[in-house]
Amino acid sequence: MKASSRALKHRTTTIIEKLKLYYPDAHCALTHSNPLELLVATILSAQCTDERVNQVTKNLFRVYRSASDYASADINKLEEQIRPTGFFRSKARSLKGTGKKLVADYKGQVPRDIDALTELPGVGRKTANVVLGNAFNIASGIVVDTHVKRIAYRLGLTRHKTPEQVESDLLQLVPKEDWIMFSHWLIFHGRQLCKARRPLCSKCPLEGECPKKGVVLTH
């Protein structure tokens with residue numbers, strides 16, 4: 001291993017240790033009580049805040065309790081129920097299609113396999129990683145959302161900008177036992193300190209480890 005690679009891996013270890021201490025209560029922000037609810041909530045979270053999704057699913061989960069409920073749903077009613085999350089027509093089609101495939105292929109159960117999950121309508125690698133990690137405690141990869149992508153770049157853990165490339169870089173640096181929590185730590189960090197427009201660098205526990213790539217500090 002090159003000296004630069006060893007140094008980056010060591011810095012990543014230090015970053016993880018500090019994040020663990022600073023965000024001991026980091027967790028998945030999507031409210032759910034079972035794998036199906038988490039799958040649905042994650043599909044709805046595309047280009048929508050977790051808070052808004054939680055508001056919508058509070059009522060949604062009272063009506064739709066099983067994969068067959070989504071499979072047999074009236075598409076117009078489903079669209080209206082999820083309208084506040086945005087892109088409600090495509091999301092409703094994804095939920096109905098996912099319900100049908102779960103019933104047809106998996107006896108109504110959410111599969112514990114990333115390839116099977118990504119074959120469901122509206123489910124990409126990010127959604128699959130969220131479900132596997134938080135519903136089943138299976139470390140299949142690292143969830144890369146807008147916070148994770150932004151902060152990983154600022155920390156110099158990746159040079160890339162696409163979620164797939166960022167995840168590939170992070171998987172080489174983050175120990176597998178931390179894959180699930182790493183995204184939660186960075187998401188909490190992004191919401192509280194490392195904000196998109198005005199990162200609070202002076203208050204950041206990672207300041208000594210951060211090259212601040214792409215950060216324009218205003219005074």
task: For residues V143 and V148, determine if any side-chain heavy atom of one lies less than 4.5 Å from a side-chain heavy atom of the other.
output: no

What side-chain donor-acceptor pairs closer than 3.5 Å can you find for residues 167-181, not counting sequence neighbours?
residue : atom : partner : partner atom : Å
E167    : OE1  : R125    : NE           : 2.7
E167    : OE2  : R125    : NE           : 3.1
E167    : OE2  : R125    : NH2          : 3.1
E167    : OE2  : N129    : ND2          : 3.2
E167    : OE2  : I142    : N            : 3.0
D169    : OD2  : T158    : OG1          : 2.6
D169    : OD2  : H160    : ND1          : 2.8
W179    : NE1  : V174    : O            : 2.8

Show which side-chain atoms of residues 100-109 pair as donor or acceptor with protein atoms under 3.5 Å away, not counting sequence neighbours.
residue : atom : partner : partner atom : Å
K101    : NZ   : D105    : OD2          : 2.8

message: Using the rule that Ile, Leu, Val, Met, Phe, Trp and Tyr join whenever any side-chain heavy atoms are under 4.5 Å apart, tell me whether L19 and Y153 fall into a single cluster.
response: no

task: Tell me, with the steps shown, if H184 and N134 meet side-chain contact (heavy atoms from CB on, under 4.5 Å).
output: CA-CA 10 Å; H184 295 319; N134 295 283; 2.7 Å; yes

task: Begin from the C-alpha positions of L44 and L60 and carry the test side-chain contact (heavy atoms from CB on, under 4.5 Å) through to its verdict.
output: CA-CA 11 Å; L44 293 177; L60 188 73; 3.9 Å; yes

field: Working for side-chain contact (heavy atoms from CB on, under 4.5 Å), residues D69 and V63
entry: CA-CA 8 Å; D69 288 338; V63 179; over 6 Å; no

- prompt: What's the spacing between L95 CG and R93 CZ if we round to 0.5 Å?
  reply: 11.0 Å

task: Only pairs at least two apart or in different chains count here, so list each salt bridge (Lys or Arg N to Asp or Glu O under 4.0 Å) that has a residue in residues 149-162.
output: none

message: Quick test of your reading of the model: are K77 and E80 salt-bridged, counting only N-O distances below 4.0 Å?
response: no

Inter-residue atom distance I43.CD1 - L120.CG, 0.5 Å rounding: 7.0 Å

message: In this structure, would I138 and F182 fall into the same cluster of hydrophobic residues linked by side-chain contacts under 4.5 Å?
response: no

task: Locate the shortest heavy-atom distance separating V56 from P84; write the atom from each residue and the value.
output: CG2-CB, 3.9 Å

message: Can you tell me how far apart OG (S90) and CD1 (I82) are? Round to the nearest 0.5 Å.
response: 8.0 Å

List the atom pairs, with distances to 0.1 Å, where a side-chain N or O of residues 188-196 and a protein N or O form a donor-acceptor pair under 3.5 Å, not counting sequence neighbours.
residue : atom : partner : partner atom : Å
H189    : ND1  : Y23     : OH           : 2.7
R191    : NH2  : D50     : OD2          : 2.7

message: Would you say that more than 12 heavy atoms from the other residues, nucleotides or ligands in this model lie under 6.0 Å from the CZ of F87, or not?
response: no

statement: Between V53 and C48, the two heavy atoms sitting closest are CG2-SG, 3.9 Å

statement: Here the pair of heavy atoms bringing A128 nearest to V123 is N-CG1, 4.1 Å

query: Tell me, do P211 and R11 make a side-chain contact under 4.5 Å, heavy atoms counted?
result: yes

query: So do I15 and W185 actually touch side chain to side chain, heavy atoms under 4.5 Å?
result: no

message: Test: ring pair (Phe, Tyr, Trp, His ring centres under 6.0 Å). Region: residues 116-151. Which pairs qualify, not counting sequence neighbours?
response: none

query: Which pair of heavy atoms, one from T98 and one from P121, lies closest together, and at what distance?
result: OG1-O, 2.9 Å

message: Keeping K58 on the side-chain end and T31 on the backbone end, is there a donor-acceptor pair under 3.5 Å?
response: no

- prompt: Between N54 and A29, which heavy-atom pair has the shortest distance, and what is it?
  reply: ND2-O, 2.9 Å

message: Donor-acceptor check, side chain of S45 to backbone of T42, threshold 3.5 angstrom: yes or no?
response: yes

- prompt: Given the rule that I, L, V, M, F, W and Y join up when any side-chain heavy atoms are under 4.5 Å apart, are V130 and L186 in one cluster?
  reply: no

query: Which atoms form the tightest heavy-atom contact between S66 and L36, and what is the distance?
result: C-CD2, 3.5 Å

query: From S94 OG over to Y70 OH, what is the distance, rounded to the nearest 0.5 angstrom?
result: 12.5 Å

message: If hydrophobic clusters are built by linking Ile, Leu, Val, Met, Phe, Trp and Tyr wherever their side-chain heavy atoms come under 4.5 Å apart, do I187 and I16 end up in the same one?
response: yes

- prompt: Is there side-chain contact between T57 and L30, with heavy atoms separated by less than 4.5 Å?
  reply: no

message: Between K126 and D145 (side chain of the first, backbone of the second, donor and acceptor by atom type, cut-off under 3.5 Å), is there such a pair?
response: no

- request: Kindly say whether T85 contributes a backbone atom to a donor-acceptor pair with the side chain of K91 at under 3.5 angstrom?
  value: yes

- request: Mind checking side-chain contact (heavy atoms from CB on, under 4.5 Å) for N76 and listing every partner two or more places apart, or none if nothing turns up?
  value: D74, E79

query: If we only count heavy atoms from C-beta on, is the L155 to T12 side-chain gap below 4.5 Å?
result: no

- prompt: Would you say the side chain of L78 lies within less than 4.5 Å of the side chain of Y64, judging by non-hydrogen atoms?
  reply: yes

